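Have a look at the structure below, then the notes.
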Amino acid sequence: MLELIIQNAINALQWGSFYALIALGYTLVYGVLTLINFAHGDVFMVGAYIAFFVATFFLVSLGVPGWVVLALCVPLTMILTSLVGVTLERIAYRPLRNKGAHRLYVVITALMCGLILQHANLAIFGASRKAFPPLIQEHVYNVGGVSFTNLKVAVIVTAFLVFLILHWIVTRTRVGMAMRAISYDKFAVPLMGIPLDQIIVITFVLGSGFAGLAGLLFAMSYPVLEPYMGALIGWKAFIAAVVGGIGDIRGAFLGGFLLGAIEILVVAFFPSTLRDLIAFTVLLVILTFKPTGFFGVAKTTKI
Amino acid sequence: MQQVQQQTTSDPILEIRGLTQNFGGLRAVSDFNVTLAGKQLTGLIGPNGAGKTTVFNLVSGFYQPSEGQILVDGVPTAGLKPHKVTALGVARTFQNIRLWNDMSVMDNIRVAQHYRLGYGFFHSAVRSKRYRQREEEIAREATELLEIFELKKYADEYPRNLPYGTQRKLEIARALSIHPKLLLLDEPAAGLNSSDIHELIRLIRWIHDRFDVTIWMIEHHMDVMMELCTHIKVIDFGQTIAEGTPDDIRNHPAVVTAYLGDDKI
Amino acid sequence: MLRRYSVHLILATLGGLVVYLAYNEYLGLYYLSVLMFMGVNIILSSSLNLVNGYMGEFSCGHAGFMCVGAYVASVLGVWLFARDRVFGAPVLDPEYALYAFPVIILAGGIAAALAGLLVAFPSYKTRGDYLAIITIAANYIIISAIENMSAIGGSRGFMGMKGVINAMEDTIYLPWMPIWVFIFTIFSVWVIRRYVSSTFGKGVNAISQDEVAAEIMSVNTNKIKTITFMLSSGLAGIGGGLFAYILGYVNPGSFNILKSTEIMVMVYLGGMGSLSGSILAAILFTILLELLRPLQIIKWIVIPLVLIILMQFRPEGIMGNRELGQTFPRLKKFYRFK
């Protein structure tokens, strides 16, 4: 019994790590710009594909050993994916923002960017699924009836590390302070001499970079890639971010793991087809009773 | 002044007993009592953050009081949503003008008639006889109201295109359009220049003469209060520190201390 | 005189023409179905505009309500009037299909309106982005609920609606689907128009602009929100029902977030809070989709790209928040639409 609980807890942590990593990106951008970056799930997908191409290039074409490829893959994937994110911000969001367009139009633009990423991918690489090459030898450890792999542990540890790094950046550094300042008052910030656009670009770099990392880890754990893989997981991660309290790093992290735990629990006890239904229902109930999520601060209306 | 006093009936329009409001650990209003009779023009003053607007928010039902009772025309308002309180006859204006800026001036008045529309979705969809009758009446009354407030020429304008003073006036007109027994004015002179303020004093006095309404106002411009109100209540840190006629208030030591600070620190 | 009846006249001519062309089969099946989808899209975009435009909320789950309407109307119709693998022989005489069809579609609408409560209740306490999430969640919940109902096909889908249409055409031979799509399209636009132009319905706009002021100026905001969400999702259900019968086949996958996005695109393309904009955008969007059909996958790159470019240069959509009569005041002389 205890093994079962621990086993499921580990599975939930691993599954939740992906949600948490993606949710962090949503929450960063939302916190700074109050923009729901609906393209973020697809940025994650692009990250997985970038990881795939980087990995096959080094592994197959150059014959570099697996662990070296992994060491190269992590920074390259993160850099290339963040380039994608920043490109979106530069060519699609910023012009709109500078025009002072209604916030919802930026959201729609983000949705459209997501569609473009998906279908461009589909058009270029075709509908066939890509198999991600194994980079490291997967070891299965068995401790007291609980089995886990080195990969699972790596995913969980990475998620926690990313959380700590982001938390440190947002709360302790000057950039983080500027980010928080922008989220309070976008108009006063440039007057204080803070380069608004630069900070926003950094936000996108961070968010997309970690989405890329999530893509790499996801591709390693579930080595089948397809263009629509980012859509559903992205929407779910976004909901997780909101349940945690969007705009708050801790919230995104907690929400991601919560969603992971719910889904693993559902699959453990019910037919797996009920997974989405129950997970979404639980989230809906939470949001109905706690509309701003766990860490979100309700905007008080001042009369 | 004397005449107004005589018209005062014994039945209070607003009665507040032991009103207390806590926000977390902060006690914004503490044991507040007031009784407003019909046709009175009363003032509520106090330094910034004293809890004046909170009192108004409690009366209009926007907050539910932590303790105490509010009776509008004898009816307790506990548990009522703001629109129900408004239907009882409490109208208000806001510190920062809250008009519907993308609706015409005329529509601003019309929408405020929701509590006595007398028809719902079904009638609006089939355009029944009742619907047409009520819409006609509402439109006519709204036009009349705009006319007596000299706002009719702006009927099709959007409020945001109007000068600030006119927006204030429109907000007061919108509040009066619901035929209130009690009109709460939250800093009506805020942001107005001196000639606008004179105009405002004239307007409030005229409203007070013409409509059968009790007026309770918050204002920082002392000259406005001194000129208009027959009775003023002063609060600070949620507590009543003084009340009386304008002359009493002017020379009250506690008021002077609250506003100017204590010399003997 | 002309002004009073011009809209009726134009609509009657248009409807008559389509029915005539369809009856004599001058209009190919393809063009006819494009026209019908246009009607459905008008219903969907104008009903979503009620929430996203007039009420200023951000609903991203409109296809979920469409799904409810589609399934209820399909299952009800097939159960009552068609021979089917699941339900067996029709429960009622197929002759009645003709008269029952609008009732079936309306029943789908009512079911969808009830599903709208899923969003309406949370909207009392929350709005904006948080409500947007709730609508997305509602969309997913509805889809996965239906995917799990294996009795009506689950994720494989449900079919047999052609049998109902055949039953109608056997009774009296007329192109019934175009007729009903036409009628329901007009009905939807008409209801929305009347609702938002009444003093009662202007409460919706007041909530969008300043909810606090609306509540304090005696608008029962919760009631208005409930009615608006129910009306919007109910009409989406009607659109969904018609959609199902036009295709003759439904599966939950066709009502996913992509479909919701499509509807949203039409609303923002036309302009928030402009009914004529929504109609115009629905027509243009349907045509655009059909014109780009040969591009296949590239279509879904071109359309978002066109929209992004449009957003850059005319972010308020085609009509902004104005109606046809406000943009071209001279037109007002020729028509009156209430």
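Because the structure is predicted, anything quoted here is derived from the model rather than measured. Residue numbering restarts at 1 for every chain, and letters A, B, ... go by the order of the sequence lines.
Both the backbone and the side chain of B/Arg174 come within less than 4.5 Å of a heavy atom of chain C. Only the side chain of B/Tyr131 has a heavy atom closer than 4.5 Å to any heavy atom of chain C. Heavy atoms of B/Val85 lying under 4.5 Å from chain C are absent altogether. Contacts of C/Val219 with chain B are made by both backbone and side-chain atoms, with heavy-atom separations under 4.5 Å. With a threshold of 4.5 angstrom between heavy atoms, C/Ile192 does not approach chain B through any atom at all.
Side-chain N/O atoms of B/Glu135 and C/Ser198 include no donor and acceptor closer than 3.5 Å.
Ranked by heavy-atom pairs under 4.5 Å with chain C, the list B/Ala87, B/Gly120, B/Gly61 is led by B/Gly120. Note on B/Val90, B/Asp102, B/Asn101, B/Leu117: by heavy-atom pairs under 4.5 Å with chain C, the leading option is B/Asp102.
Taking the ring centre of B/Phe32 as origin, the terminal cationic atom of B/Lys233 falls inside the region bounded by 6.0 Å and 45° from the ring axis.
The two residues B/Ala155 and B/Leu146 have their closest heavy-atom pair at CB-CD1, 4.1 Å.
B/Arg168 has no carboxylate O lying under 4.0 Å from a charged side-chain N of B/Glu199, or vice versa, which leaves the two without a salt bridge. Between B/Glu171 and B/Lys169 there is no salt bridge, since no side-chain N of the basic residue sits under 4.0 Å from a carboxylate O of the acidic one.
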So B/Phe23 and B/Tyr63, ring-ring contact (aromatic ring centres under 6.0 Å, His included) or not? Walk me through it. CA-CA 10 Å; B/Phe23 292 121; B/Tyr63 299 142; 5.2 Å; yes

